[in-house]
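Worksheet for the structure shown next.
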Amino acid sequence: MRSWNPRALAAAALALIVTGCQAKAPEPAASTSAPPAAPAVEHAADQSLSLVIARHATELMGIPGVVGVYEGEAEGKPVLRVMVLSRADSTVKRIPKSLEGYDVEVEESGPIKPMGH
């Protein structure tokens, strides 16, 4: 039986809750005198992976076969881990290789069920 990291599962649950509770901010009115926006920076030092997960959890969980998203680590760097039922090409091809400068890793977990069921 596979054991799950409770911190990772808690982070994934928090990301899903935060994403579902966020209200969409209104877009600012366009101005003809404003200079063009600067290109986005890959990921700012103050932008945590938790926030990136919160922003993208809904879209990632909407991919058929994805059962979870959490913060992990690889080679001493934070990575976004996406848990899938299986490594089917139809699922894996839809998952981005990186998000906002963080690497995305796919982990085959199989179905996720509540404990004791």
Just how far is it from atom [atom1] of [X] to atom [atom2] of [Y], taken to the nearest 0.5 Å?
X: K93; Y: I63; atom1: NZ; atom2: CD1; answer: 14.0 Å
X: E105; Y: R81; atom1: CD; atom2: CZ; answer: 4.5 Å
X: E100; Y: I53; atom1: CD; atom2: CD1; answer: 11.0 Å
X: S50; Y: E71; atom1: OG; atom2: CD; answer: 4.0 Å
X: Y102; Y: H56; atom1: OH; atom2: NE2; answer: 11.0 Å
X: L60; Y: L80; atom1: CG; atom2: CG; answer: 6.5 Å

### Task
Apply salt bridge (charged side-chain N to carboxylate O under 4.0 Å, His left out) to K77 and list each qualifying residue two or more places apart in sequence or on a separate chain.
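If we apply the salt bridge (charged side-chain N to carboxylate O under 4.0 Å, His left out) test to K77, skipping adjacent residues, the hits are D103.
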#### Entry: V92-V79 co-clustered via ILVMFWY side chain contacts under 4.5 Å
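Each belongs to a different hydrophobic cluster.
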#### Entry: side chain to side chain contact (heavy atoms under 4.5 Å, CB included) between I112 and M83, intermediate numbers included
CA-CA 9 Å; I112 295 183; M83 296 183 291; 3.7 Å; yes
### Query
With no hydrogens and no angle check, is any side-chain donor or acceptor of T91 less than 3.5 Å from a backbone partner on S86?
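No.
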### Query
Do M61 and V66 come within less than 4.5 Å of each other through their side chains, counting heavy atoms only?
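The answer is yes, as the side chains (C-beta and beyond) meet within the 4.5 Å cut-off.
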### Task
Any chance you could lay out the side chain to side chain contact (heavy atoms under 4.5 Å, CB included) test for V82 and E107, step after step, and finish with the verdict?
CA-CA 6 Å; V82 178; E107 174 183 322; over 6 Å; no
### For L49 against P78, the heavy-atom pair lying closest together
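Smallest heavy-atom distance, with atoms named: CD2-CB, 3.9 Å.
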### Message
Please find the pair of heavy atoms, one from S109 and one from V67, that lie closest to each other, and give the distance.
### Response
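In this case the closest contact between S109 and V67 is OG-CG2, 3.3 Å.
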